[in-house]
Amino acid sequence: MNDKTETSALSSDATEVRRQKLQLLREQIGDVYPAHFHRTLTNAELAAKYEGLEPDTETTDVVTVAGRVYSSRNSGMFMDIHDASAKIQIFSHKDVTSEEARSLLPMIDIGDIIGVTGLVRRTKRGELTINAQQITMLTKSLLPMPEKWHGLSDIELRYRKRHLDIMTNEESKLRFQQRSRIVSGIRRFMENDGFMEVETPMLHSVYGGATAEPFKTHHNTLKLDMFLRIAPELFLKRTLVSGLTDKVFEINRNFRNEGVSTRHNPEFTMMECYWAYADYEDIMDLVERLFSTLAMSIHGSTEFAFGDKQISFKGPFRRVPMPDAVKEATGIDFLAIKTDEEARAAAKAAGFAVEKDATWGECLAFIFEEKVEGTLIQPAHVTHFPKDISPFAKEVPGEPRLVERFETYCNAWELGNAFSELNDPEEQRARMVEQLQQAHARGEKEKQLDEEFLDAIDQGMPPAGGLGIGVDRLIMLLTNSPSIRDIILFPARRNKAD
């Protein structure tokens, strides 16, 4: 019998013993899974209230707590129970505990959820403890918990059975608590900055707002093929046109039918916003203020560790135009190159394998990704992107090949993408038609022109700065998590059989 088979057999035996205990409990107390239990304090509230209680001190205070049993010693005389906030020690003895409560102890296993009413004391060793008077069985666990001190060593099992990962791994638990605080912090920051939160559709009849492969579904009643949102951009801009607000944002789930990696999940979270009468430089300032605020809320400082690196979110961030960054890294001066052919030749001469039909801007962006992106460890705004790859951004005055766009990088990751938004309706249509033709040439026959968006732009959209932030990657940085699957509660996985 190999180790895995033996472990499975032991688990099966343990489950059978627990089922037998469940039957005994049903016979003894009836309802083993009651619908309600009233506790007077959480474990953390209890610890805070009695923080000043001296060792070897008993009180006459009666409290009621509840939680999952994580450890049991001396046949249940001492148990540690955990709720979502903290742990508390439970002491059961004939001198303080009713006979009815003590009769439950042999049937309580690690992993069960119980309620306890009793007197508060602090032991000689300084452990805050409840002398149990009554014990209530709230949930009988039929499966044994992973060993507490080792947790789940199988990485894939941690993602597949996240409830066990969090149950046995304080780092995982803290990480998801921090995720909640970061998302709440983004919302609070945006609202305090005057932005209005809206909700836009997740089912689109025409997909757009970004270049990506969509997930496809079908609406039975409407007899209509639809797509899961790849970006909320076009709906948010229509909101700006409406005059509902001059500053709009959405924390949204997006879906892109692409690869899975340590930095990519097909379902991910973004914060996207649009700010009327602002431009991309105003958005740079906003990003710096947001990032520093989040770092302070999580770490109490704008500086924090990620792996072996020390990251600083203290503004201002470095700002560098893409052509300058490429010239510094390779010596190629793209602003001195006039044609697509010259750009391809310069790239090939420098050893870069660009596509045979690559444009000037595509060559510039390719070399940037190859030679510069990986060097951007501290946060930096890379500005002046090629117009070829930026269909929704305004041109840089005096340089029509470049646009007022920036991407924010840190740890060599793209965290945000922003534009001075294009609001010229004729130019917007021309660029979207060109983008559509390119998509059809790539075989994306379902790609369509979003006429409803173009109709809205014809109505007149104010000049605006727009921003999309990859919330998951930002959380990875702020929580020192090397994989996106570490900060998504239930990440996409292959089928178990695979």
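Note that the numbering runs from 1 along the sequence shown for the chain.
A donor atom on one side chain and an acceptor atom on the other are not found under 3.5 Å apart for Ser141 and Arg68. His384 and Arg401 are not linked by any side-chain donor-acceptor pair at a separation below 3.5 angstrom, with hydrogens and angles left out of the test.
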**Message:** With salt bridge (charged side-chain N to carboxylate O under 4.0 Å, His left out) as the criterion, how do Lys327 and Asp324 come out once you've worked through the C-alpha distance, each side chain's angles and the decisive distance to 0.1 Å?
**Reply:** CA-CA 5 Å; Lys327 183 178 179 181; Asp324 292 359; over 6 Å; no
**Message:** As a quick check of understanding, evaluate salt bridge (charged side-chain N to carboxylate O under 4.0 Å, His left out) for Arg319 and Glu281, giving each step before the final call.
**Reply:** CA-CA 10 Å; Arg319 302 181 181 190; Glu281 291 190 345; 5.5 Å; no
**Request:** Take Arg429 and Glu451, measure what salt bridge (charged side-chain N to carboxylate O under 4.0 Å, His left out) needs, and give me the verdict at the end.
**Result:** CA-CA 9 Å; Arg429 177 176 285 274; Glu451 291 288 355; 2.9 Å; yes
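The environment of NZ in Lys173 is crowded: more than 12 heavy-atom neighbours from other residues, nucleotides or ligands sit within 6.0 Å. Heavy atoms of other residues, nucleotides or ligands lying less than 6.0 angstrom from CD of Glu355 number 12 at most. With a 6.0 Å radius and a threshold of 12 heavy atoms from other residues, nucleotides or ligands, Glu341 has its CD atom above the threshold.
Rounding to the nearest 0.5 Å gives a distance of 4.0 Å between CZ of Arg405 and CG of Asn417. Taking SG from Cys410 and CG from Leu376, the interatomic distance works out to 9.5 Å, rounded to the nearest 0.5 Å.
Taking the six-membered ring wherever Trp is involved, the centroid distance between the rings of Phe406 and Phe317 does not fall below 6.0 Å.
Asp282 places a side-chain N or O within donor-acceptor distance of the main-chain N or O of Asp279, the cut-off being under 3.5 Å. At least one donor-acceptor pair closer than 3.5 Å links the side chain of Tyr70 to the backbone N or O of Met167.
Counting only heavy atoms from C-beta outward, the side chains of Arg431 and Lys387 approach each other to under 4.5 Å. Here the side chains of Lys371 and Val326 are not in contact, with every heavy-atom distance at 4.5 Å or above.
The aromatic rings of Phe352 and Phe366 stand perpendicular to each other, their planes meeting at an angle above 60°, with 30° marking the opposite boundary.
In terms of the ring pair (Phe, Tyr, Trp, His ring centres under 6.0 Å) criterion, Phe419 has no residue partners (sequence neighbours excluded).
Smallest separation of non-hydrogen atoms from Asn254 and Pro232: OD1-CD, 3.9 Å.
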